[in-house]
Novice: 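Dumping the structure here so I can ask a few things about it.
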Amino acid sequence: MPHDTPLISTIVGGLVLAFIFGAFAHRLRMPPLVGYLIAGVLVGPHTPGYVADQSLAPELAEIGVILLMFGVGLHFSLKDLLSVRGIAVPGAIVQIAFATLLGWGLGAFMGWSTGGSLVFGLALSVASTVVLLKALQERRLVETERGRIAVGWLIVEDLAMVLALVLIPAAASIGGEGHAPVEPLSAGLNRLFGLDLGIGGMIAMTLVKVALFVALMLVFGRKLIPWTMHRIAHTGSRELFRLGVLAIALGVAFGAAKLFGVSLALGAFFAGMVLAESELSHRAAQESLPLRDAFAVLFFVSVGMLFDPNILIDKPLPILATIFIIVIGKSVAAFLIVLAFKKPLGTALTISASLGQIGEFSFILAALGVELGLLPEEGRDLILAGAIISIILNPLLFFLCDRMRPLLDGAKREDVVADPAPAADAIAAQEEMPREDDEVHPTALSGHAILVGYGRVGSIVGQNLKSSATPFLVIEDSDKRIGELKAQGIETLSGNAVMGETLDLANLAGARSIAIAIPNAFEACRIIEQARSVNPSILIVARAHSDAEVDELRQYGADTVIMGEREIALGMVDRLAQVHHESVPYEDGHGPDTIMPTDDPPPERE
């Protein structure tokens with residue numbers, strides 16, 4: 001067997017170092033992606049020691065982008081996309097234009113050509129798919145209104161960049177600034193029929209190809225892809241189902257890029273979106289999750305590999321200007337645009353923080369600009385440095401926005417109160433003011449129960465609490481479920497219970513019990529830890545899927561842990577015993593209608 005294995009060494013080197021430095025970053029209470037970026041710098045060509053393959057790493061990272069966008073599409077329906085088009089389309093266009101103008105001004109100031117300055121500005125205008133989605137997923141915001149607007153905004157940016165990737169070579173060839181090839185389909189038509197489409201024809205051809213791809217996915221893909229997955233599921237083979245998910249995600253993305261000129265990420269997103277209409281969408285998301293996370297890590301490693309630390313010393317002022325455009329200029333523009341559409345303050349802050357970074361499309365534009373002779377290599381280095389630093393600063397930007405929201409919201413309320421208008425007008429003004437009541441106002445309940453999560457398990461718990469007239473509130477982050485709860489008159493807090501601020505609003509100190517119905521044991525442990533520290537006497541009930549999770553939740557302070565599989569098994573045994581032996585309900589220390597306390601030793605695996 002040959003020992004020259006660049007693919008294996010790149011994967012092993014990238015993942016191992018990413019794990020080591022990601023763990024260090026987490027230990028220092030920093031986002032793990034900071035460790036992934038440092039790992040990329042260490043295996044890059046600009047630092048001594050091992051150097052990973054420079055051509056393989058970006059391709060591996062692209063797989064992560066494909067799988068990530070496919071996963072987002074699985075949770076993002078066409079209805080959701082259309083529901084935010086009123087703000088996502090004009091907002092993204094205005095924000096791209098503003099950031100491009102700032103980048104063009106910086107490029108012109110540094111003496112670059114007009115074409116190079118515009119490419120530089122475009123590269124600074126588009127946010128990273130991976131970074132934005134990672135940030136939203138960590139805060140469980142993907143399915144909220146803020147998350148849908150951010151993802152819709154991102155889709156519009158991707159479409160704009162697809163168009164830019166076609167127009168830049170055409171503009172370079174027409175303007176004589178670069179040495180660009182023409183668009184392949186246009187070149188074929190020119191060769192066969194002598195048709196010269198020009199730049200207007202280039203735009204029309206690109207729009208036609210994108211529209212054709214979208215039409216095929218919505219007309220045929222909506223039927224073919226779910227039908228295929230159902231047929232695979234009926235085989236009963238989990239291996240085939242997992243392979244089918246990956247084949248659809250990667251196959252559609254690759255076909256979209258090669259046949260229609262659509263980006264790989266956008267193709268994967270539409271594949272996931274049409275599969276989302278199938279009942280198997282949740283299972284498909286679970287099956288693709290491990291590979292999605294692994295290849296997303298390789299994306300950050302590949303970004304780090306491109307970074308030359310020497311530029312921080314050689315070009316400090318241009319780097320600061322570039323970072324200002326990305327982090328401050330774009331964020332402020334997005335913030336004002338969202339407020340102009342009369343969206344809540346929290347939505348404006350989330351969108352502005354989400355877009356305060358750049359990523360994969362920026363690298364593609366930078367490479368294209370250098371290849372065409374439009375953008376100097378200095379511009380590419382500034383884009384890479386801006387991407388690295390903005391990605392590292394992005395979690396801090398989210399943190400600052402979270403801290404600013406209560407202050408800005410309080411200032412708004414003071415302005416309303418100070419208005420000399422009559423009291424009725426002041427109340428009406430407060431009602432019209434966009435706000436997120438469930439995130440601002442603490443509950444007035446005391447001696448109540450707190451229910452975290454209102455899915456399949458939480459909804460049953462909640463309905464029983466309601467029927468027994470037990471005072472309780474629900475912490476939920478799905479806008480759809482929040483609307484349903486409010487329609488039923490159930491008090492709800494919108495947010496992630498892992499965040500201490502959300503638990504504070506639920507009056508954790510005054511509650512008698514908290515039921516954690518979410519399936520994520522890691523998040524449940526964080527909630528239990530906070531609940532026990534704030535209220536040592538509170539009753540904590542949680543759910544688990546394995547003996548290991550029972551032990552972990554118990555160690556963090558849960559009073560009672562229910563393992564669903566055991567309760568299901570005991571219920572089945574009880575029913576079988578009644579039929580076959582005419583016996584009383586089966587008991588092994590825990591009857592089917594009792595809750596398994598964590599004071600007992602963990603149950604044996606069935």
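All heavy atoms count here, side chains included; hydrogens, waters and symmetry mates do not.
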Novice: Rounded at 0.5 Å granularity, tell me how far CG in Leu15 sits from OG1 in Thr10.
Specialist: 10.5 Å
Novice: To check you understand the geometry: which heavy-atom pair defines the closest contact between Ala542 and Leu553, and what is its length?
Specialist: CB-CD1, 4.1 Å
Novice: Identify the two heavy atoms, one from Ala366 and one from Ile383, that lie closest to each other, and give their separation to 0.1 Å.
Specialist: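 Heavy-atom minimum between the residues: CB-CD1, 3.7 Å.
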Novice: Could you check if a side-chain atom of Ile319 sits within less than 4.5 angstrom of a side-chain atom of Ile323, using non-hydrogen atoms only?
Specialist: yes
Novice: Measure the spacing between CD1 of Ile326 and CG of Leu382 and express it to the nearest 0.5 Å.
Specialist: 9.5 Å
Novice: Given 3.5 Å as the limit, does a donor-acceptor pair link the side chain of Arg543 with the main chain of Ala515, or not?
Specialist: no
Novice: Check whether any side-chain heavy atom of Leu349 lies under 4.5 Å from a side-chain heavy atom of Arg146, and answer yes or no.
Specialist: no
Novice: Find the distance between CG (Asp381) and CG (Leu312) and round it off to the nearest 0.5 Å.
Specialist: 11.0 Å
Novice: With sequence neighbours excluded, tell me which residues meet side-chain contact (heavy atoms from CB on, under 4.5 Å) with Glu157.
Specialist: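 Checked Glu157 against side-chain contact (heavy atoms from CB on, under 4.5 Å); matches are Ala92, Gln95, Ile96, Val126, Ala127, Trp153, Leu154, Leu355.
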Novice: How long is the straight-line distance from CG of Leu37 back to CD1 of Ile389, given to the nearest 0.5 Å?
Specialist: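 Ile389 atom CD1 to Leu37 atom CG measures 11.0 Å (nearest 0.5 Å).
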Novice: With side chains defined as the heavy atoms from C-beta onward, is the minimum distance between Val338 and Ile149 less than 4.5 Å?
Specialist: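 No, their side chains stay 4.5 Å or more apart.
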Novice: Using atom types as modelled and distance alone, determine if a side-chain donor or acceptor of Glu552 lies under 3.5 Å from a backbone N or O of Cys525.
Specialist: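 Checking the backbone N and O of Cys525 against the side chain of Glu552, no donor-acceptor pair under 3.5 Å is found.
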Novice: Counting neighbours of CZ on Arg532 that are heavy atoms of other residues, nucleotides or ligands and sit closer than 6.0 Å, is the number greater than 12?
Specialist: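 Check passes, neighbour count above 12.
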Novice: Run the salt bridge (charged side-chain N to carboxylate O under 4.0 Å, His left out) test against Glu491 and tell me which residues pass, sequence neighbours left out.
Specialist: none
Novice: For Glu239, enumerate each residue passing the side-chain contact (heavy atoms from CB on, under 4.5 Å) test, keeping only those at least two apart in sequence or located in another chain.
Specialist: Ser237
Novice: To check you understand the geometry: which heavy-atom pair defines the closest contact between Leu60 and Phe295, and what is its length?
Specialist: O-CD2, 3.2 Å
Novice: If every non-hydrogen atom of Ala353 is compared with every non-hydrogen atom of Asn394, which pair is closest and at what distance?
Specialist: O-ND2, 2.8 Å
Novice: Can you tell me how far apart CZ (Phe120) and OG1 (Thr322) are? Round to the nearest 0.5 Å.
Specialist: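 Here the rounded value is 4.0 Å.
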Novice: Counting distance only, does the side-chain N/O of Ser390 pair as donor-acceptor with the main-chain N or O of Ala387 below 3.5 Å?
Specialist: yes
Novice: If you look at every heavy atom in Gly453 and Ala517, which pair is closest and at what distance?
Specialist: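 Scanning both residues, the minimum pair turns out to be O-CB, 4.0 Å.
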Novice: Step by step, would you call Leu298 with Ser302 a side-chain contact (heavy atoms from CB on, under 4.5 Å)?
Specialist: CA-CA 6 Å; Leu298 288 176; Ser302 69; over 6 Å; no
Novice: With no hydrogens and no angle check, do the side chains of Ser9 and Tyr50 hold a donor and an acceptor under 3.5 Å apart?
Specialist: yes
Novice: Let's go through Val43 and Leu17 carefully: what are the C-alpha distance in whole Å and the side-chain angles of both, what is the deciding distance for side-chain contact (heavy atoms from CB on, under 4.5 Å) to 0.1 Å, and is it a yes or a no?
Specialist: CA-CA 9 Å; Val43 299; Leu17 287 176; 3.2 Å; yes
Novice: Look at atom CZ of Phe241 and say whether more than 12 heavy atoms of other residues, nucleotides or ligands are closer to it than 6.0 Å.
Specialist: yes
Novice: Could you check Leu493, Leu485, Thr492 and say which one makes a side-chain contact (heavy atoms from CB on, under 4.5 Å) with Leu473?
Specialist: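 Going through Leu493, Leu485, Thr492 one by one, the side-chain contact (heavy atoms from CB on, under 4.5 Å) with Leu473 is satisfied by Leu493 alone.
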Novice: Shortest non-hydrogen contact from Ala123 to Ile358?
Specialist: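 It is O-CG2, 3.7 Å.
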Novice: Backbone N or O of Ile325 within a donor-acceptor pair of the Lys330 side chain at under 3.5 Å?
Specialist: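 Here the side-chain-to-backbone pair does not exist.
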Novice: Rounded at 0.5 Å granularity, tell me how far CD1 in Ile518 sits from CD in Glu476.
Specialist: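 Ile518 atom CD1 to Glu476 atom CD measures 10.0 Å (nearest 0.5 Å).
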Novice: Could you tell me whether the side chain of Thr443 and the main chain of Asn507 form a donor-acceptor pair under 3.5 Å?
Specialist: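 Pair absent, no side-chain N/O of Thr443 close to backbone of Asn507.
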